[in-house]
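Chain letters run A, B, ... following the sequence lines, proteins first and then strands; every chain starts at 1. Computed from heavy atoms alone, side chains included, the values below leave out hydrogens, waters and symmetry copies.
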Amino acid sequence: MTPTPDQSLDDQPARRPLRLELRGIRKAYPAVVANDGVDLAVAPGEIHAVVGENGAGKSTLMKIIYGMVRPDAGEMLWEGREAEVRSPVDAQRLGIGMVFQHFALFETLTVAENIALATPGRPAIADLAPRIAELATRYGLPVDPMRRVHSMSVGERQRVEIIRALLQSPRLLIMDEPTSVLTPQAVRRLFETLRQLAAEGCSILYISHKLDEIRELCERATILRGGKVVGICDPRAETPASLARAMIGAELPGFRDAAARSPGAMRLTVTNLSKPADGPFGTALGGISLGVRAGEILGIAGVSGNGQKELLAALSGEARSADATTVAIDGAPAGHLAPAARRRLGLAYVPEDRQGQGAIPVLTLSENALLTAARQGLTRHGLVQFGKLRAYAERCISSFDVRCGGPDAAAGSLSGGNLQKFIVGREVLQEPGVLVVAQPTWGVDVGAAVAIRQALIDRAAAGAAVLVVSEELDELFEIADRIAVIAGGRLSPAYPARLVDRDAIGLAMTGTFPPVPGDAAPVPHPPTPEAAHAAAP
Amino acid sequence: MNGLLPILIATLVAGTPLVYAALGELVTERSGVLNLGVEGMMLVGAIAAFAVAYHTGSVPLAVLAGAAAGIGMALLFGLLAISFKANQVAAGLALAIFGGGLSSYLGKSYVGMALVIPQSQLSAAAADIPVLGALLGPLHPLVWLSWLVFAAIAWFLYRSRAGLVLRAVGESPSAAHAIGYPVIRIRYAATAFGGAMAGIAGAYVSVIYTALWTEGLVAGRGWIAVALVVFATWRPERCILGAYLFGGVTTAQLFAQGAGVAVPSELMSALPYLATVLVLVLISRDETLIRLNLPASLGKPFDAEG
Amino acid sequence: MPLRLERRPQPSTAMVYAAPLIAVGATVIVALVIFAAAGHAPLDALVMFVTGPVQDRYGVGEWLLKATPLILIAVGLTVGFRAGVWNVGAEGQLILGVIASGWLALKFGPGGSPLLLPAMIVAGGLAGAAWAAIPALLRTRFNANEILVSLMFNYVAQLWLSWLVFGMWRDPAGFNFPQSEPLAPAALYPIILEDTRLNIGLWIALAAVLAGWVLLSRSYIGFQLKVTGLSDAAARYAGFSTRRAVWLGMLAGGLTAGIAGVGEIAGPLGQIFPTASPGYGYAAIIVAFLGRLHPIGIVFSGLLLSLLYLSGDTAQMSLGLPSSITGLFQGMMLFFLLAADVLIFYRIRRRPAAAPAAAPVASATIAEAAP
């Protein structure tokens, strides 16, 4: 597919060598070909985007460049010369740094220890501190070298990762989905740092599926689809729609017009819910109140680690409250009830973690259906009705177009999007009156994301109260009627989605809750310094 | 003082196998590997050392043989738990059961035989040291060595870069892998070290402590060592204290006789096991304390490609 | 290393069943080596080793007799193992069954009541369950590791039994041997196969197999246990109680082990010795795993390990090898089983050629890989 004209390239001394060039990279996993003949060229000082939807092969490609995954075939050229990267150490030696989407940090160690571990030449911690301070001022990345990572917000953690990479004076910095965890304000600050780095000659590979950001930041973009390069372009000259079309290979599917939903009776209420932090890594919940009516979707935005996990546990019943009235389902006090009892009241819940919480990868889809749907006549006298169970699983599969090998396929054999469709189907088909969903489309492909969001809208239209916790602001603006923000374990008032903009939500993420537009009353909960601290990027 | 000295010496003597085995397991667990098979490694180390001591009469050779046997067993475990990503609890149980079977098979012809080990010349020399000699003299140099090993491990874990790397691997193997550390190799090394220490502990029991071989000689000390690591919340200084605490409990009969108390010997023998349960309960009830100190990846296999 | 493991897209069902056979096969190979090293014709020795114990009706009776406690305990342990509850205290729980039923037998045996035997079974089972309840309580109440606690109580139970048999239970007419007086006929299990020692314990074990199968394979509770064992997070999400799983798992193991203890003194032993069991409580762990944590599989693995116990004696008498070879083979089998289990989730592949970076992309591979 890629005849490699090595010689001709080397014979052109006049041409400025590329910082990085990949030719015909291929990597196949048992179930999927992640990279299929991928070419990539990055010039010095260039901010180059690698764009593609979930599962397009972006992460695998970056791991290959960084030496974490060995390709099956293909070659890599570094500054015009062939290079073999067998491990991250090789990559670092060449001058490649990487900032991971799920940070590669050690929580119980200090910032300095974390940085020392990743820095060759065995620097003493004492010598590192001034170098960290210097980089911090130069690039506007303030961190305290002696702090332990577990006490830091995600934004601060990202700074540690960036400094760790910069300490090795990289000539290529890979940023893998860096903004998925940041507030809009923090994203802007990150972009300034990246532009400064690029101006100094460091190339940047910027991996993202957020098209607005790519158009704002990057000079060139390589678009991946199904493991193959389908286009190279200047994103500044493109529209979000044209980029999306290239990324998906089709028009972006739209939503069916949801019948005008009029909010009905209050189905889910949370009243003054407070909880102490569960250990040093947890977040305390402070006086959370909210209500979701029939036919309504309430979105909860926020940077991860601000109490989402704790709130969801309190809603699902995984964490119970001594005070029954903190949570009410259709008016019935439920704060003291276990998950199964809440389900009997009409609650359904789709958790964030698909592999190991919402579903168990090694079990079949049938068995996974039994996880929460036993009350759909799937058991009798304590015995499992295997025939009915299979039929229920088949119904989930067909109603939600789950691509799989049938009800006996292991959940782990499905793609993220298909497994999520199955889980959402399993919950929705129980026709819950209250549906709580966490990160509904995290890591799923666009087609599945649209189907899942449609299912949530349809469920609300059918009279359910739907609560969606998501870090994707776009998603919330797309489907939610009202949006509230969780920051430092406290919840902002719920803003009507049509009346607020991203900046107001971004501000709320820092713990400063603006008043509800059109609402003369003052903000009910003045932010506390702790909350602002915990949310600060 | 004179009345206490024999008790102190007995405590140190009885605690030493636990010092070795527990410190070894501590290092293994700090890398994220839970090897429950200490009992099996100790048993095989014990019989290997006993056989070598029986045929050569050399204690150093016997200890080396014990350590080598422990390493061999640990590598078998590593193959299952690290390379094959087997459930570490099951693999540890398998190692314990296998070690029991192997040691009684190998030891069949030695059952009931006793070693005649002359007093170590080093100990004899140490006995002449003023003041300390009264304590050091009756103790085998392996006991002294355990103190050096303890100091070395404490330094390694908290002061050396390699120790930092080990702790990092135990906390997050995926992060360690991402920044270029060979997680699998480090875990193998930590597991092998734990095996060597368990082997030395076994050698101490069969060659120095009892100087005779019976089936199941180690009598649960390997399991107590595993419990001690939890009790010590993965800290070497608490580990050595705990080991001597148990040494004291093991020699409770001495205390009881000294106090003129007549209790069934079976009850006395049960004390270390009951004490193990007691300290486990005391330490485990504080879940936060455990969670703060537990190597976060303990017991979870690591898959670099996954 | 030229070989590497590659994760299968879907766990292999075939390998789930093949792994125990691989483990047995590997153990046989080691056995052949040991026999050859001891100077025997390996195949002949193997045949002798395996068939020697079951040449006659009595031998077959012994085979089933020894399989009985192994199967019974393994079924009980499986309830816990499925839920990730590691009861390794069956040996001690068996001993508690001996102590409780032994006390009844010694006290009421001479009375000859027909209710004695049922009472012994109930008391033995309850005592085993009570012994298992200690680690269950300490785990659910104080978060103490049940493996270590249940194991410690094996040693305590053993010392307790020794204390009794060396002390107040010692037979005055027993020439000072540490053993009780022989149990009265009313305290003994009826024989079910003439000219053998095989007794109704076998029916108890088979009833346990049936009950275990319904519980684990057909019932909703069994499903909940399985989920709890696979993922804490999923169990919490689904609302399956971990505490209940711990209690159920520990008590089931304790109950069956206790009843197995009754079967030893009311069956082959006929009196109480300080050593009540040749390690059945530990061997049952292997039986459970080798039987794939499935009651039907456990019947087969129980028969296999029971044969291994008998073969140990054959080895000693006919092959001049120590009978402890049984323990060696038992441990090895579990080891090989866990090793073979890797093939359920992974397959073995040759590493790609050493320098993949330079290899041109062959068009054939792309065509083959195109979805």
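In this structure, the portions of B/Ile224 lying under 4.5 Å from any heavy atom of chain C include both its backbone and its side chain. In this structure, the portions of B/Leu95 lying under 4.5 Å from any heavy atom of chain C include both its backbone and its side chain. Using a 4.5 Å cut-off between heavy atoms, B/Ser269 touches chain C through backbone and side chain atoms alike. For chain C, the nearby parts of B/Leu102 are the backbone and the side chain; heavy atoms of each come within less than 4.5 Å. Residue C/Asp341: no heavy atom, backbone or side chain, is found under 4.5 Å from chain B. If you measure heavy-atom distances from C/Leu338 to chain B, the contacts under 4.5 Å come from both the backbone and the side chain. Contact of C/Ile286 with chain B is made through the side chain alone, with heavy-atom distances under 4.5 Å. Heavy atoms closer than 4.5 Å to chain B are found in the side chain of C/Ile34, but not in its backbone.
Remark: side-chain polar atoms of C/Ser324 are paired, donor with acceptor, to backbone N or O of B/Ser104 under 3.5 angstrom. A donor-acceptor distance shorter than 3.5 angstrom exists from the side chain of C/Tyr155 to the backbone of B/Gly220, with no hydrogens or angles considered.
Residues C/Val149 and B/Leu280 are in side-chain contact: their nearest non-hydrogen atoms beyond the backbone lie under 4.5 Å apart. Contact annotation: the side chain of B/Tyr105 never approaches that of C/Thr326 to less than 4.5 Å [non-hydrogen atoms, C-beta and beyond]. Taking the side chain as every heavy atom from C-beta outward, B/Tyr273 and C/Leu151 never approach each other to under 4.5 Å. In this structure, C/Leu148 and B/Thr276 have side chains that are not in contact, with every pair of non-hydrogen atoms separated by 4.5 Å or more. Contact annotation: the side chain of B/Leu93 approaches that of C/Trp86 to within less than 4.5 Å [non-hydrogen atoms, C-beta and beyond]. In this structure, B/Leu267 and C/Trp163 have side chains that are not in contact, with every pair of non-hydrogen atoms separated by 4.5 Å or more. A 4.5 Å side-chain heavy-atom check between C/Phe142 and B/Leu282 finds every atom pair outside the cut-off. Between C/Leu334 and B/Phe98 there is no side-chain heavy-atom pair separated by less than 4.5 Å.
Ranked by heavy-atom pairs shorter than 4.5 Å toward chain B, the options C/Pro135, C/Pro322, C/Gly327 are led by C/Pro322. Per-residue counts of heavy-atom pairs under 4.5 Å with chain C were compared for B/Leu36, B/Asp286, B/Leu271, B/Asn87; the largest is that of B/Asn87. Each of B/Gly107, B/Pro264, B/Gly100, B/Ala94 has some count of heavy-atom pairs under 4.5 Å with chain C, and the biggest count is that of B/Ala94. Highest contact tally toward chain B, considering only C/Glu6, C/Met152, C/Met333, is held by C/Met152 [criterion: heavy-atom pairs under 4.5 Å]. Between chain C and the options B/Glu266, B/Lys108, B/Arg285, B/Glu215, heavy-atom pairs under 4.5 Å are most frequent for B/Glu266. Between chain C and the residues B/Ala227, B/Ala270, B/Ala90, B/Ser109, the largest count of heavy-atom pairs under 4.5 Å involves B/Ala90. Each of C/Ile147, C/Asn154, C/Leu159, C/Leu138 has some count of heavy-atom pairs under 4.5 Å with chain B, and the biggest count is that of C/Leu159.
Around the CZ atom of C/Arg141, the shell of radius 6.0 Å holds no more than 12 heavy atoms that belong to other residues, nucleotides or ligands.
Put simply, CZ on C/Phe345 and CG on B/Asp303 are 12.0 Å apart, with the number rounded to the nearest 0.5 Å.
Cation-pi geometry between B/Lys85 and C/Tyr346 is satisfied (NZ or CZ under 6.0 Å from the ring centre, within 45° of the ring normal).
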